[in-house]
There are 2 protein chains.
Amino acid sequence: MGDDRLVIDLRSPEPSYQQLARQLRDRIHGGIYAPGGPLPSITYLTGETGLAVNTVRRAIALLADEGYVITVPGRGTYVADKLPE
Amino acid sequence: MGDDRLVIDLRSPEPSYQQLARQLRDRIHGGIYAPGGPLPSITYLTGETGLAVNTVRRAIALLADEGYVITVPGRGTYVADKLPE
DNA sequence: CATCATTTGTTCGTATGTATC
DNA sequence: CGATACATACGAACAAATGAT
């Protein structure tokens, strides 16, 4: 359980970037991506979801804004040590 | 005074969208764009700044996120009645 | 009620820059 | 130096909401 693949429904009224952000958020909450650990790279997520780079970045940016992840240029994106309430 | 044109310095280390957001923020603080009043449309700002639509939108989105403006689909962007502290 | 112009919203593909290893 | 990864920006297309005609 919890190992569902990332799937984006293009026919959903919910924007793709929000769908992706929500699913990544769920994985963080589910411990699939643990605090301090890395998130898959944007390139990887682009391939897995079929979304464009900018759309994936927008999802990541949303999570970063919420405090769920921290992006480090040249390194990657990491789950925050302290998750937002 | 205060009627300076919007100018983006492409050689600045400060990203274009941040420059634009800052200048619009200054105009709001300066009362050039009054609370409840409209901001120039994205199309207009695109023309005045020479920036791409997405870049202008990013600036607007930043201000909306900060609470300075409110965007209404199909209508336009308006200065918030209560500006953030 | 239908149509159109205007405006914001989403997404894509690409290019280039910067940082890290 | 080269590979990888994030950051900014562009240009284009299409959708959805709104208001006027």
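None of these values were measured; they are calculated from a predicted model. All chains are named by letter (A, B, ...) in the order of the sequence lines, taking the proteins before the strands, and each is independently numbered beginning at 1.
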So CG of Leu62(A) and CG of Leu20(A): to nearest 0.5 Å the spacing works out to 9.5 Å
Does the side chain of Leu63(A) come within less than 4.5 Å of Glu66(A)'s, by heavy atoms? yes
Whichever of Val72(A) and Leu10(A) has the more 5' nearest nucleotide on DNA chain C, that residue is Leu10(A)
Tell me, which of residues 38-46 of chain A have any heavy atom that sits under 4.0 Å from an atom in DNA chain C? none
Heavy-atom side-chain proximity of Thr77(A) to Val72(A) below 4.5 angstrom: no
Look at Tyr17(A) and dT11(C) and indicate whether a side-chain polar atom (N or O) is within less than 4.0 Å of OP1 or OP2. no
5'-most contact on DNA chain C: Thr71(B) or Gly50(A), nearest heavy atom basis? Thr71(B)
Per atom distances to the Gln18(B) side chain, the nearest of dT8(D), dT10(C), dC12(C) is dT8(D)
Measure OH/Tyr78(B) against C1'/dT6(C) and give the value in whole Å, please. 11 Å
Would you say a side-chain N or O of Arg58(B) is under 4.0 Å from OP1 or OP2 of dA9(D)? no
Gap between atoms CG and P, on Asn54(A) and dG9(C) respectively (whole Å): 17 Å
Measure the distance from CD on Glu14(A) to P on dT10(C) and round it to the nearest whole Å. 11 Å
For Ile60(B), report the nucleic acid contact type (base, sugar-phosphate, nothing); a contact means any heavy atom under 4.0 Å. nothing
The side chain of Pro73(A) is closest to which nucleotide in this list: dG11(D), dA19(C), dG9(C)? dA19(C)
I want to verify a distance call: between dT18(D), dC21(C), dG11(D), whose nearest atom is closest to the Arg75(B) side chain? dT18(D)
Looking only at side-chain N and O atoms, does Thr55(B) come under 4.0 Å of OP1 or OP2 in dC10(D)? yes
Atom CG of Leu62(A) and atom P of dC6(D) are separated, to the nearest Å, by 16 Å
Can you tell me the distance, in whole Å, between the CD1 atom of Ile70(A) and the P atom of dT20(C)? 15 Å
